[in-house]
Amino acid sequence: MASQYYQEMQESFRNNNKSREFAAHTAKVHSVAWSCDGRRLASGSFDKTASVFILEKDRLVKENNYRGHGDSVDQLCWHPTNPDLFVTASGDKTIRIWDVRTTKCIATVNTKGENINICWSPDGQTIAVGNKDDVVTFIDAKTHRSRAEEQFKFEVNEISWNNDNDMFFLTNGNGCINVLSYPELKPIQSINAHPSNCICIKFDPTGKYFATGSADALVSLWNVEELVCVRCFSRLDWPVRTLSFSHDGKMLASASEDHFIDIAEVETGEKLWEVQCDSPTFTVAWHPKRPLLAYACDDKEGKYDNNREAGTVKLFGLPNDS
């Protein structure tokens, strides 16, 4: 029997299964993220800029474009509790902190390598950034100075704190999840999670689970307390690039080079919905308060199409009549 939640969400998506596209950048979008209050969506692009939109009912209205980086903006994230601050990681060997109230860069922090991953600690005090040389630097969010730096002997893919802020997780190229104590950064455990490259990791808002996506096209769901795998989701055929839990922790979106985004019910693993896409999806992010999914895809066929803006962001979960 399908759960009541499952039936309600299927009904909701039947009535709200429209996707709408919004012009954001002049080149492909690598990262999308919602502010903690859900009022704004930020996107980072290969065109070296970040854009911020305001969500008005069922559409995104561009508020600003943030320039300053000298290379691609590969990842960005918002402050966990302050809806005005976000941080961008770039291949130009800097991270930049931005304030949407002044539209200015309030800090530029130089790092040692080309940055590809960034996350903000749940307590808001520290920003962790990972580079192409597998170095993770921990930066004090107030003083903008480096607190610690760790060089790893394996390929570091995505990084994240747990919700309690006392453990730090990395996914690596050997298919493992490395768990470190925080702030001591002492190794606690290395979990053999997948037979191939472990790409992305996300914690659910309730703190019960985290999910990882791998080059083996599987998404695995883990119990945070016991660090054991609870179930796997296997509907994608390509390496899993991006994951996002819904605000209530009950849905998990995952995407890859498959031309759809899989939306699963977390507790059963059942497919709730599938969002059709024209091309591979780089990044997905559920809204922090409602069943609205932001995502960004590759340009169709990888070539610039004049009829269609390159670098768009999309919203799924809009009413069919909007």
Side-chain angles (χ1 to χ4, degrees), residues 31 74-75 77 80 89 115-122 126-138 148-236 238-245 249 252-256 262 264 266-267 269 282-286:
S31 183
D74 276 352
Q75 212 174 38
C77 63
N115 301 311
I116 48 174
N117 282 309
I118 197 155
C119 59
W120 212 310
S121 63
T126 312
I127 294 164
V129 57
N131 70 26
K132 284 185 178 172
D133 304 319
D134 308 312
V135 174
V136 178
T137 307
F138 295 85
E149 196 173 82
E150 288 286 316
Q151 169 76 62
F152 293 94
K153 293 186 172 70
F154 46 75
E155 176 188 312
V156 174
N157 289 320
E158 209 159 60
I159 52 178
S160 179
W161 274 270
N162 65 336
N163 296 19
D164 292 337
N165 218 109
D166 61 358
M167 291 195 286
F168 192 76
F169 287 66
L170 310 99
T171 56
N172 79 30
N174 308 325
C176 295
I177 304 162
N178 293 82
V179 188
L180 309 177
S181 63
Y182 188 80
E184 306 80 19
L185 301 175
K186 296 279 180 283
I188 295 176
Q189 202 167 341
S190 176
I191 306 165
N192 288 321
H194 292 270
S196 58
N197 198 336
C198 198
I199 299 170
C200 45
I201 183 165
K202 277 288 182 298
F203 282 77
D204 94 23
T206 70
K208 185 178 178 184
Y209 297 122
F210 67 90
T212 61
S214 165
D216 62 13
L218 292 176
V219 175
S220 55
L221 183 74
W222 299 78
N223 178 298
V224 172
E225 291 279 297
E226 294 160 19
L227 296 178
V228 293
C229 182
V230 184
R231 67 184 54 87
C232 280
F233 307 85
S234 58
R235 285 179 290 272
L236 297 170
W238 291 86
V240 182
R241 291 177 171 180
T242 175
L243 298 164
S244 181
F245 281 97
L252 178 61
S254 54
S256 65
D262 182 72
V266 170
E267 285 302 341
F282 283 112
T283 175
V284 294
W286 282 110

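A search for side chain to side chain donor-acceptor pair (under 3.5 Å) contacts involving N223 returns nothing, not counting sequence neighbours. Partners of E155 under the salt bridge (Lys or Arg N to Asp or Glu O under 4.0 Å) rule, at least two apart in sequence or in another chain, do not exist in this structure.
Looking only at side-chain heavy atoms (C-beta outward), F169 and C119 stay at 4.5 Å or farther from each other. A heavy-atom distance below 4.5 Å is not found between the side chains of S254 and F233. Side-chain atoms of V240 and C200, non-hydrogen and from C-beta on, do get closer than 4.5 Å to each other. A heavy-atom distance below 4.5 Å is found between the side chains of P239 and I199. Counting heavy atoms from C-beta on, the side chains of I116 and Q75 never come closer than 4.5 Å.
In this structure, D133 CG and Q151 CD are separated by 7.0 Å, a value rounded to the nearest 0.5 Å. Separation of atoms CZ (F210) and CE (M167) is listed at 8.0 Å; rounding is to 0.5 Å. With rounding to the nearest 0.5 Å, the separation of CG in N163 from NZ in K208 is 13.5 Å. Between the CG atom in L218 and the SG atom in C229 there is a gap of 9.0 Å [rounded to 0.5 Å]. Note that OG of S196 and CG of D216 are 4.0 Å apart. Values are rounded to the nearest 0.5 Å. Note: R235 CZ to S256 OG = 12.0 Å, rounded to the nearest 0.5 Å.
Considering I159, T212, L243 as possible partners of I201, the one that fulfils the side-chain contact (heavy atoms from CB on, under 4.5 Å) test is T212. Residue L180 is tested with I188, L170, V136 for a side-chain contact (heavy atoms from CB on, under 4.5 Å); the sole match is L170.
In this structure, A255 and L236 approach most closely via the heavy-atom pair N-CD1, 4.0 Å. What you find for L252 and A211 is that their closest heavy atoms are CD2-CB, 3.8 Å. Considering every non-hydrogen atom in both S121 and P80, the closest pair reads O-CG, 3.2 Å. Here the shortest heavy-atom pairing between V266 and R231 reads O-NH1, 2.7 Å. The heavy-atom pair separating P205 from G249 by the smallest distance is CD-CA, 3.9 Å. In terms of heavy atoms, I127 sits closest to W161 at C-CH2, 4.2 Å.
In terms of modelled atom types and a separation under 3.5 Å, the side chain of D204 and the main chain of Y209 share a donor-acceptor contact. Without hydrogens or angle criteria, S160 side chain to K202 main chain gives no donor-acceptor distance under 3.5 Å. Of the possible donor and acceptor atoms, one in the side chain of D134 sits under 3.5 Å from a partner among the backbone N and O of V156.
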Practice prompt. Might you work through the side chain to side chain contact (heavy atoms under 4.5 Å, CB included) test for F203 and D164, ending with a clear yes or no?
Written response: CA-CA 11 Å; F203 282 77; D164 292 337; over 6 Å; no
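Using a 3.5 Å distance cut-off with no hydrogens or angles, the side chains of S31 and T283 do not pair a donor with an acceptor.
Between F138 and F168, the ring center distance clears the sub-6.0 Å criterion.
Residue pairs that meet the side chain to side chain donor-acceptor pair (under 3.5 Å) test with at least one member in residues 178-188, sequence neighbours left out, are T126-Y182, N172-N178, S181-E184.
By the neighbour-count criterion of 12 heavy atoms within 6.0 Å, atom CD of E225 is sparsely surrounded, having that number or fewer from other residues, nucleotides or ligands.
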